[in-house]
Amino acid sequence: MDLLINVGLPLSLAIIMLSLGVGLHVADFKRVLSRGYPFAIGALCQVILLPMAAFITVTAFALPPEIAVGFMLLSFCPGGVTSNILSKLAKGDVALSVSLTAVISLLSMITVPFLAAWSIAHFMREAAPEVSITGLAIALFLITTLPVAIGVSLRHFATGFAERVDALLSKLATALFVLIVLAALAGNWQLFIDNLGAMGAGLVSLNIALLAIGLGIARAAKLSWNESKTISIETGIQNSTLGITLAALITGTESGFSPLALPSAVYGIMMYVVALPYIAWLRGR
């Protein structure tokens with residue numbers, strides 16, 4: 001288990017982020033400048049409104065401190081590859097989805113450490129582990145930002161090679177995601193059973209609320225229907241593997257997978273239960 005957490009978990013996330021980067025083009029970043037308004041709406045929903053909705057949810061469901069922190073960590077995570085795929089399935093604006101995922105993923109090394117430190121101090125109080133904001137930022141750079149940058153560079157400077165390994169990396173990333181989610185659940189099985197009712201209801205409620213909030217704000221901002229679908233998905237779908245990894249980085253690995261990882265692990269399964277019917281509804285409109 002120690003080997004899986006210390007080596008397998010960060011390596012898995014790095015491969016997932018590398019897979020994301022290989023699928024990106026430099027133009028995906030330049031597009032932000034030409035489509036600033038819809039990007040700004042999506043960034044507002046992801047960086048500000050999403051954590052606010054998570055805070056309201058954990059307060060309303062009166063979740064235990066560690067579970068509450070796990071919810072907040074999940075809310076700080078960008079969409080990742082999954083949101084791009086779901087945007088494509090929903091016939092949304094895939095280019096906007098990719099741009100949001102790319103930029104927010106790179107910015108996460110700056111925003112996440114501060115937000116994580118605050119949420120731990122707020123919910124866990126005297127039981128809060130010491131969080132090194134600098135150490136967390138460096139770790140996030142090494143396992144998220146750097147792999148994305150390497151992937152984008154490969155796509156730009158070695159396009160043929162990037163195209164050949166893209167599908168393989170995607171399959172490997174999916175397999176690693178499943179392994180990490182199952183391992184995190186198994187490592188906190190009793191806590192999972194004890195809190196399944198409130199935690200499951202909270203996660204489903206939060207997921208539905210975020211999808212609705214994203215869609216509502218995008219429509220209120222007078223974005224196109226395709227842009228609105230993408231903003232909804234980017235707001236409601238998070239990178240649960242990053243949430244699990246954050247939990248391990250914060251609490252250490254001496255006692256196995258951290259309880260802080262449990263919401264992200266459960267969400268990694270539940271998000272498909274909520275999202276797929278919603279995607280089918282979006283496709284039909």
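For S105 (side chain) and A102 (main-chain N/O), no donor-acceptor pair under 3.5 Å exists by modelled atom type. Without hydrogens or angle criteria, R283 side chain to K91 main chain gives no donor-acceptor distance under 3.5 Å. The closest donor-acceptor contact from the side chain of Y267 to the backbone of Q238 lies under 3.5 Å. With hydrogens and angles disregarded, no donor-acceptor distance shorter than 3.5 Å links the side chain of S205 to the backbone of G202. In this structure, N207 contributes its side chain and G236 its backbone to a donor-acceptor pair below 3.5 Å. No side-chain donor-acceptor contact under 3.5 Å links S19 to the backbone of I15. In this structure, S232 contributes its side chain and S228 its backbone to no donor-acceptor pair below 3.5 Å.
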Legend entry - Worked check of side chain to side chain contact (heavy atoms under 4.5 Å, CB included) between L96 and N226: CA-CA 10 Å; L96 175 60; N226 284 347; over 6 Å; no
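Note: the hydrophobic cluster containing F161 does not contain L168 (ILVMFWY, side chain heavy atoms under 4.5 Å, direct or indirect links). Note on F114: it does not cluster hydrophobically with L140, by side-chain heavy-atom contacts below 4.5 Å among ILVMFWY residues.
The two residues F71 and A54 have their closest heavy-atom pair at O-CB, 4.3 Å. In plain terms, the two heavy atoms of T235 and L50 that are nearest each other are O-CD1, 3.2 Å. The two residues K229 and L215 make their nearest non-hydrogen contact at N-CD1, 4.3 Å. Of all the heavy atoms in S83 and T101, the pair that sits closest is OG-OG1, 3.4 Å. Minimum interatomic distance between E234 and S97 (heavy atoms only, all atoms of both residues): OE2-OG, 2.6 Å. Nearest heavy atoms, T230 versus V94: OG1-N, 4.4 Å.
From I217, atom CD1 reaches atom CD1 of I41 across 8.0 Å, with rounding to the nearest 0.5 Å.
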